[in-house]
Every structure is written in structure tokens, then in C-alpha cells.
**Q** 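This is the structure I want to talk about, given as C-alpha cells.
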Amino acid sequence: MPSPSAATRSPALHGRDTERDALLRLLDAARGGRGGAAILRGARGTGKTAMLDLAADHASDTGGIGDTGNVRGFVVLRARGTEAESHLPYAGLHGLLRPVADRLPALPPAQAEALRRALELGTADGGLALPAAVLNLLLAAGGPVLACVDDVHHLDAPSREALFFAARRLAGEPVVLLFGADDDTFAPDDIPVLELGALGEEPARRLADDLVPGMADDVRASLLEIARGNPLALEELAGSLSPEQISGAAAPPATLPRSGRLWRAYADRLARLPRDTADMLLLLAADPDLETVNLVGAVEPECALTALEPAERAGVIVHVPGADGDGDGDRYDFREPAMRTVVYAGASLARRRAAHRLLAGVLRHDHQRLRRAWHRAAAMDGPAESLADELASAASAAESFHGGHPATFLAFERAAELTEHGDLKAARLAAAANRAWRAGLPRRARSLLTRLQSLTISEEVRSQAELIRGSLALRSGKTGSAGDDLMAAAESLLDRDRGQAVRVLIRAGEASYLAGDNLRYLDIARWAATLRRPDDPAATQLMFEYLAGTAATFDGRHREAADPLRRVLELAPSVRTPSVLVWAGVASLLLGDDAQAMRLCGRAVETARALGAVSTVPQVLEFMIHAELWMGRYASITASAIEGLRLAQDRGRPNSAGQHLGWLALTAAVEGDEETCAIRAASAIELADAHGVCVAGALGNWALAHLDLAAGRHADAAKRLQATARADGPSGHLVVRVMSTPLFVEAVARTGDRERAGEALRVLDRWVGSTRSPDRRALATRCHALLAAPGDAEEYFRAALDLHHQGFSEFETARTQLLFGSALRRNRRPGAAREHLHSALETFERSGARLWAEQARTELRGAGEAVRSHRPKATEKLTAQQYQIARIVADGATNREVAARLFLSPRTVEHHLRNIFAKLDIRSRVELVRLMS
């Protein structure tokens, strides 16, 4: 099989799954004699040419697996319209059809002559002879045909009309006609249009990472902000980066590269507009949130609307109605968002300052205070120190960190630049670093902190900087240094702000938790206990109770932990912040109330989003997943972990990303997907080793042990979980050790080391006994059944099932039924065993737990029942993931639908399908359906 061409690998294809599938379906249909046409329409740089390249690549060779099978053996014709030839009649047809002009004798003589004259002389008589000849020549080209015409808006009109004539008549013919056109191009109503809009956030991020692997998170964020979903803009920005910018050591670009195609295209287009129109566009570029009422208020209203008309007619801007439809909130925006930076950066400094001065004059409302101060500072409309004070005050009052224009960290940074006084300048830089960190830009925050080193700073600013450094290390650095920095910050804050100091102690405790350093967590809690005062406000009391309750739990003093944890829940309603909701959620988890923990964490996510603190969401989701795990909601775990991983990667929080990868490895293990589990677990363990996030490594090992146990590799599972059980080892973590105890007991009981299993169970029993959770108690009781004497095991199993039926976890109920059924079968009670094994099998099959389902079938066969394998024999050579993809495809899903269900890219699905077809020695989806049935 030939290697993919450059078109297949084109980075511009990210986020184009729908359009890609539509093109491949057209090609598949044409191969069967049912052709068609489509116009790919979009702004400059959105990937029209890349999509045409993709179609040509798939058509010219064996290509990839489409949604109906392979595509082979097309005759491929290509042409591109150019402005220089748009006045030459039939120049477009000449470029497209010349490779097949030797087939002209196959046409009726009149048609052949008409087309010959058009191609050689550029002349033609009216009537149907010429357009009919174009259609018939395509049909005579010697097989299925793909004709691609790029920039059809620049094609000469006679060629365009002849090709549109042919495009309307391809039903029932083995021909596909594809056209690429700008987004403001007229398209006939009877030819389908595929609109290529801006890329979404996730595809744009993947494209940026493909273009520059290892790019700093902050640099990627800056590029995405400038490009606004335009693939070519991202490609040109990425190509302009210096090594220092890629690493984050130097500031990223602020605008598109002036030498790039996109800048030149935009600049040429803007140069054709009147000067007063250009002035209005500069106002729009200077303030992305500018409403129409403020835009027209900056100049004479009639002049403003008149000046905007040329830009609207030229497709440079579009009118965006307000949400309520009565004109409130109406605004204009650039049709191609990447054009904004060209408009702004292309203007002179004097023109930019004049624009900012006008905008500052019309933004008079209180909610516009930060924007007004920003524009005044940009216009230098007053003494620098006065402007800095105004800007810093407005930024302090702003609610969001990164939710509007300007971002508050930029406001503080600009205020610092305008400030001469050393300590005040340092305080504003520290505030900028803090806001940049909270906006999910850790490298920008570190860069701002670095600028503090050249300044003389006060003890207060120094403690702020230590706090930010510790917070940065906690989420994106090494947990050991995070704990040291946070403890130092807490000590320096005690005399000035006890409440903040205690909050920082909780963060230091979190660093110890992530690192698996239980002793340090207990030391932090003991020190905190000495700081308590009877007159502490409710928020401070809550934090002390949280530290006391969690420390007692980690120390095994569960009954002692219950009272402070309950007081956390009592105090939580009086303090409405995301962190307090999370602490209350953790308290609920430790008390065994998983449903309440889920509700509290859900509210914390909503509150964080409302406050613009989206970068805290990955941490909240970590605790929500704990509750979902105890309740057996593996589909919810996958959804939460996918969101958490995406946000953690986008916001530069690898320590959280490692945990979400660990949870995703566990859900893959439950499904029996060995390949995916191994990849995700390895990634989690790698991040754990790099950053000292012991919990992520422990989760990865837990997932691999679950997979071993599901596959019947009990000794391997026991060995992995013994590593997790060592608190001082690289994979040891107290919480994960306790949560994985049921799996550990099962693995160790099968290998004969019951003493070690008994030690682990005693730890679990102490915690479970302090909660009212039927799910936890059921798991502990199941462990006792596995370790009990043969005569006592049945009673424990039945008690465990009674508890399961009071709880939430269907999956763990099925696991207990499987173990109980297996024990009954070994005790020669096959009839009683089959009842439990059938129920377990039904749940496993419904959950997609392939390996556990196979265990249940094996036990049923051992109990004397002939159970047909759920998997056709011919597919046994497929991996778990390949079998899962094959099953979904056989149900009629497209590549894109398979990708959405399995959290893969369509390209990965296509790769797997190639291998599936090769392993099964089949050539089409029809054969796959027949085989799978």
C-alpha cells in the first residue's frame, strides 16, 4: 500500500471530518456510477485547496477506507482559476480538459468541433453543443473521473457556466466535479455547497500541536487567539516562530506575519476601501467587544453607517444582531476574524491612539470601566502614573480573568509598564502573573514573575510571588517544589492575612497528596491546628475543619474525622466559592455520600465557569470522578475525564492531565481495550515521573492491574497492586491503595497470599465502617467472601449482593455475581451458579466490558451451559479496539460517528479499518457486515 501523500497528511484537514466524509462518499458513489458535484466554499486559508488535494489523493490511488469501501482508479483532472486569465474565454476549460483532449474524436462531430474551437481559439457558438461536449468528454475520459477546479470565482465566465452545466447532470454517471470558492462567491442553488468555516477550539489546538510539537501552552494560546480558527493563519504563525518563542522564553507573535500570504491578501483587500471606512474598521479592531451603539457614537451616526457600507458590501465585516433582537447588543464583526490583527497592526501609532481616544470617550457605563481605562492607557490620554492607577483599579474590580477585552492580566501588565515606583510596579506585575496563571497561561505567569527579579520588592510582594510560584508548580511543575514554595508563602502571610495563609496551607497539603507524601500532609494539618482561634470567620473555620477531617482520614482515624467533615458541610453554604464547594465534595466522599459529592462538584464546575475560572475545572472534575467511580458510572467517568484532560492540556496543567489520563486508562481497562489502556496508562505514569504526581502513576498502575485481572492474569495484577500498596514507592498512593483494595484482594486471594490480602482489607474495613455507603460496604463484604472459609463464603456473597442492590453500581454488582457464580460452580452447584452468571454476563455485555463478559461465558460453560461467544470466530484475530470499531461500523456508523463514540480521530478510525480489512481479508463494508452477523 502506498504511503499517504502530502494531501492526506495536510494539517489543514483537522476539524473537517464532515466535509471529508461527504467527499469520500461522493467518490465512492461515482465509482459505482452515481456521481455528483459540490462547491467547497470558505474564507481564505480555511482549507479548500487541502480538501481538493485530499479528494484527488484518494481518487488517484487506493486511498483510504471510505464509508462504503475503498476508492480506486480515477482519472483526476485539476485546474485553478486566476485573475490574470479571468478575461480569456475558455481558459479554464483549457487548463482542466487538455489532458483528455485526445478523446475528442469519441464525441459527436458537432460537439467535438465546438469544444476544439473553444480550447484552441477561445471562441464558441451559442447553444448546447459546447456544454454538452464538456459533459461527454468527462464521460469519455476512460473510467471514473474526478475534476477539481480551485478558485472557481476567478475562472472565466464561459468556462464556469459550462462546468456548472455538466455538474447538474452527473446523477447516474461515474464523474465527480468539485469546485473551490471564496465564502462570498455566488453559487448556483442546484449544486450542493460544503461550507468551510473557522476551526473549532479542539481541532485548532490539534493543528497547532501538529505544526509545532512541544510548543509552550501560552504560545499556542496566543497563536489560536490571533488565527481565530483559520488553518492557514495558524500555519503561517507557526512558521514564523523562533526557537525562543516556541519554548516560551520570548514573547509570542502579536499579529500575522507580514510576509505571509494571508497578511498580503488581507492588506490588498483593505487597501481598496475608502479612508473613512478604514477608520471605522480600526475602531472595530481596537475593541473586539464593541457594540454598534458605541461604534456609531464615536463619530457622527450617519457618517458611521455610511462608512461601514463598503466594508459590508465587500464581505469584510458582517452585522451580528443582539441576542434579544431589539438592537441592544448589536455589533459588527470581521467576516474573517484573523483580519482583525492586520487592520490594527497595519495602522500607524498615531491612528491607533486616535482610535483608542475615541473609544474611551464613548464607553461611559460602570460595566465598561476596564475597557475605558484600557483605551485611555493605549491612547496615552493623560499622565502615565494616573493612567496606570486607573487601569489597575479597574482590573482589580473586574470579575473575570480572561473572559472579555482586555484580559485582566494584560491590564495589570500594562499598568505595571506605566508605573515608575518600584514596589507598586512589582505589585502590579505580581497581580498580572496571578491573573495570567488563573487564566490558564502558566508560561506567561512565569515570564511576569521573572521580571520581578530586577526590582526591589517588599515582603508582601515577595510572599505573593512565592504563592504564585507554588501554585504554578502545584499544577504544572514538580509537586515537591510546590509544597516548599507554598509553605514559605503561608508563613509569610500569617501576620497579614490569616485566612489566605490557611488557604495556602490547604494547597501545600494538596501538593503532599499529589506526591503521595502522607506524613507531610499530617504535619501540615498539625501545624494548622495550632493556628486556630475561637473568633475565626466561617470561611477560615471551614478550612481548619477540612484539614483536620482529611488528615484524620488519611491517618486511619475515621470516627475522629467524621465530626470535622460534617462541620465542613454545615459551613459550606455560608461561603460561595468553587474551592469551598470542592472541599465540601471531598468531605462528602470521605463520609461515603457519593451522590452529594457529585452534586457539590457539579455546582463547583458551574460556579467556576460563571466566574471565568475555567482553568480550575480539571481539578474539580478529578473529585467528581471519584464519586462516579464508587457509583460505577464508567460512561460518566470517561466523559468527565475527556473534558478534564482537554481543559488541563489547553490551560497548561499537566499534573491534572496525568490524573485524567489515569482515569481514562481505567475505563479502557473496564472495556477490555488493552491497546488504549496501555497507551493512556503509560502516558499517566510518564507525567507522574516527570512531575512527582504520585497519584497519576498509581492510577495508571491500577488500570493496568484491572486489565490483568480481567484477562485472567492474577499474578501480574497482584504484582502491580503490591507496588501501589507501597506508600514509599514510585507508584504508592494512600487513596488509590484503599480504592483499589477490592481488586488487590481478589488478585492476591487467587495467588494464595491471603495474609497480605487480609492486611489490606483491614484498612478498607476501618474506612468503610465509618460510612453509610452501601456500595463501599458491598465491596468490603465481597472481599471477606473471597478470603472466607468455603462454608462461610456464600453468606458473605449474599450479604454483598443485598448491599449492592441498595447502592448504585451495576458494574460492581455484576463483578460480585461473577465471583459468587464462580464459587458456586467450584462447589458443584451449577444450577445456582448459572443464575448469577447470566445476570453478570448481561450487565457486562450492556456495559461493553468485553473481557469480563468472556470470563462470565467461560464460567457458564463450566457450569454446563453451552454459551455461544458474542464475538464471531473469524474476528478473533482482531485487537479489542479493532473489534469494537468493526462492530460499530457493521451497525452502519460512518468513520466520523465511530470516532465520536470512541474519542478517536476519523483518521485513526480509517487506519484501524485498513488493518481490519487486511486481517479479515475483506474489501468492503458490506463484507464486514456479513462477517459480523
**Q** Tell me if the aromatic rings of Tyr521 and Tyr513 count as close, with their centers under 6.0 Å from one another.
**A**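 Between Tyr513 and Tyr521, which both carry aromatic rings, the centre distance is not below 6.0 Å.
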
**Q** Please say whether more than 12 non-hydrogen atoms of neighbouring residues, nucleotides or ligands are located less than 6.0 Å from CD in Gln596.
**A** yes

**Q** With no hydrogens and no angle check, is any side-chain donor or acceptor of His660 less than 3.5 Å from a backbone partner on Pro618?
**A** yes

**Q** Applying side-chain hydrogen bond (donor to acceptor under 3.5 Å, both in side chains) as the test, list every pair that has at least one member in residues 827-836; sequence neighbours left out.
**A**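 Output for this query lists Glu794-Arg829.
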
**Q** Should we say atom CD of Glu795 is surrounded by more than 12 heavy atoms from elsewhere, each under 6.0 Å from it?
**A** no

**Q** Begin from the C-alpha positions of His714 and Glu746 and carry the test side-chain hydrogen bond (donor to acceptor under 3.5 Å, both in side chains) through to its verdict.
**A** CA-CA 8 Å; His714 303 100; Glu746 183 177 345; 5.6 Å; no

**Q** Under the salt bridge (Lys or Arg N to Asp or Glu O under 4.0 Å) test, which residues partner Arg566, sequence neighbours left out?
**A**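 Once residues adjacent in sequence are excluded, the partners of Arg566 under the salt bridge (Lys or Arg N to Asp or Glu O under 4.0 Å) criterion are Asp563.
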
**Q** Exactly one of Glu865, Glu859, Arg857 should register a side-chain contact (heavy atoms from CB on, under 4.5 Å) with Arg861. Which one does?
**A** Arg857

**Q** Scan side-chain atoms only and decide if Ser822 and Arg826 contain a donor-acceptor pair under the 3.5 Å cut-off.
**A**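 Yes, because at least one side-chain N or O of Ser822 sits under 3.5 Å from a partner of the opposite role on Arg826.
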
**Q** Would you please say whether a donor-acceptor pair under 3.5 Å links the side chains of Gln806 and Arg777?
**A**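 Gln806 vs Arg777: no donor-acceptor pair found between side chains.
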
**Q** So, Ser839 versus Gln817: side-chain donor-acceptor pair below 3.5 Å or not?
**A** yes

**Q** For a quick check under 3.5 Å, do His804 and Thr816 share a side-chain donor-acceptor pair by atom type?
**A**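 A pair is found: one side chain offers a donor N or O, the other an acceptor, under 3.5 Å apart.
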
**Q** What I'd like to find out is whether the side chain of Leu629 reaches to under 4.5 Å of the side chain of Trp663, using heavy atoms alone.
**A**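 Side chain of Leu629 against side chain of Trp663, heavy atoms only: contact under 4.5 Å found.
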
**Q** Is the His733 to Trp702 ring centre distance short of 6.0 Å?
**A** no

**Q** Is it true that His626 and Asp594 share a donor-acceptor pair across their side chains at a distance under 3.5 Å?
**A** no

